[in-house]
Amino acid sequence: MGASKVMYQKKKRFQIKNLIYTGIIGLILTIFVIVTIYPIINTLAISFNDAIDSLRGGIHLLPRKWTLENYKTVLHKESMVTGLYISVLRTVVGTVLQLSVTALIAFVISRKNFIFAKPISVLYVMTMYINGGLIPGFLLNKSLGFTNSFWVYIIPGMVSAFNLLVIRTYMNGLPDSLEESAMMDGAGYFTIFRKIIVPLCMPVFATVALFIAVGQWNAWFDVMLYNRMNENLTTLQYELMKLLSSVSQLSGDANTSRVAGTSTQVTTTSVRAAATILTCLPIVALYPFLQRYFVTGLTIGGVKE
């Protein structure tokens with residue numbers, strides 16, 4: 001009877017400790033979620049609120065005066081539509097080509113019987129620490145004829161050393177017996193890559209694809225360097241940056257201005273909020289579809305040997 005009572009008290013204390021621990025973890029996670037989500041909701045509310053009214057402040061979770069004028073202001077220019085097309089095109093083409101080339105190189109240098117695997121890996125790692133600089137890079141791309149070209153967004157950054165190491169490490173973790181069995185059945189290296197390696201590496205491919213897509217979608221500096229004079233090749237982010245800069249310059253002390261070609265009165269805050277939502281929306285929409293691969297791909301592929 002005494003032993004049962006002691007066991008009951010121990011079980012009760014364990015349940016109380018477990019309840020307190022769960023409550024603390026839940027509270028920390030709730031605070032973390034609020035801190036993470038609030039800026040997004042606040043920016044969304046400001047983007048749908050009247051520009052002049054936003055200057056009064058006090059907007060938190062919902063707009064005070066609903067309007068779509070901020071988005072109309074951002075998207076009213078024809079260059080915005082062209083920029084959106086180029087941004088989508090460079091994101092799709094860049095992601096597919098960069099992932100394909102990186103995966104093929106990673107497959108080659110992950111083969112244990114390839115004698116140049118280690119020297120090639122070292123060369124790529126060196127690029128993570130040694131950079132040629134902005135001016136040499138510009139002169140090189142200009143001499144290669146990439147200026148005023150769409151391919152300047154794709155070819156110079158075709159292979160990222162970080163992404164290459166992540167994929168190579170993931171491939172090194174696959175059993176050698178799979179390749180040996182396929183070779184005994186007469187499969188060549190390309191068949192092994194296409195039918196065995198690619199399906200097994202989908203988690204790391206999805207993770208790296210998300211890295212590349214986010215980088216391509218958000219890029220605007222290379223547009224300013226190489227294609228700023230060609231409006232047919234500028235991206236949405238570059239056009240939004242130009243619009244935000246023009247509004248900031250026109251705002252002056254009043255913090256308001258009218259965008260050329262419209263009768264809408266805007267503020268730096270309203271344009272910035274609408275531009276932020278427009279640039280984030282595609283990536284936020286893409287992330288849930290890749291999230292289930294993200295943890296596995298990054299955890300296994302991120303362990304360097």
Original post:
Between Phe138 and Tyr226, is the ring centre distance below 6.0 Å?
Top reply: yes

Regarding Thr82 and Glu231, do their side chains bring together a donor and an acceptor under 3.5 Å, going by distance alone?
no

Open item on the list: When you compare the side chains of Asn227 and Tyr238, does any donor N or O come within less than 3.5 Å of an acceptor on the partner?
Closed with: no

What about Phe150 and Val223, same hydrophobic cluster or not, with Ile/Leu/Val/Met/Phe/Trp/Tyr joined at side-chain heavy-atom distances under 4.5 Å?
yes

One should read off an interatomic distance between Leu99 CG and Thr207 OG1, to the nearest 0.5 angstrom, of 10.5 Å

- [ ] With salt bridge (Lys or Arg N to Asp or Glu O under 4.0 Å) as the test, would you mind laying out the steps for Arg111 and Asp176 before giving the verdict?
- [x] CA-CA 9 Å; Arg111 300 303 92 194; Asp176 295 335; 6.0 Å; no

So CH2 of Trp220 and CG of Leu225: to nearest 0.5 Å the spacing works out to 9.0 Å

Across all chains, not counting sequence neighbours, the ring-ring contact (aromatic ring centres under 6.0 Å, His included) partners of Phe107 are Phe193

_Audit row: Ser121, Arg168, side-chain hydrogen bond (donor to acceptor under 3.5 Å, both in side chains) steps and yes/no_ = CA-CA 9 Å; Ser121 298; Arg168 187 208 65 177; 3.3 Å; yes

Does the pair Asp222/Arg90 count as a salt bridge with the N-to-O cut at 4.0 Å? yes

Query raised in the report: Taking Asn42 for the side chain and Tyr38 for the main chain, is one N or O donor matched with an acceptor at less than 3.5 Å?
Result: no

Say whether Leu165 and Ile197 are linked into one hydrophobic cluster, either directly or through other cluster members, by side-chain heavy-atom distances under 4.5 angstrom. yes

Tell me whether Asp50 is salt-bridged to Arg64, with the criterion being a basic N under 4.0 Å from an acidic carboxylate O. no

(Q) Hydrophobic clusters here meaning ILVMFWY residues chained together by side-chain heavy-atom distances under 4.5 Å, can you tell me if Trp151 and Met158 are in one? (A) yes

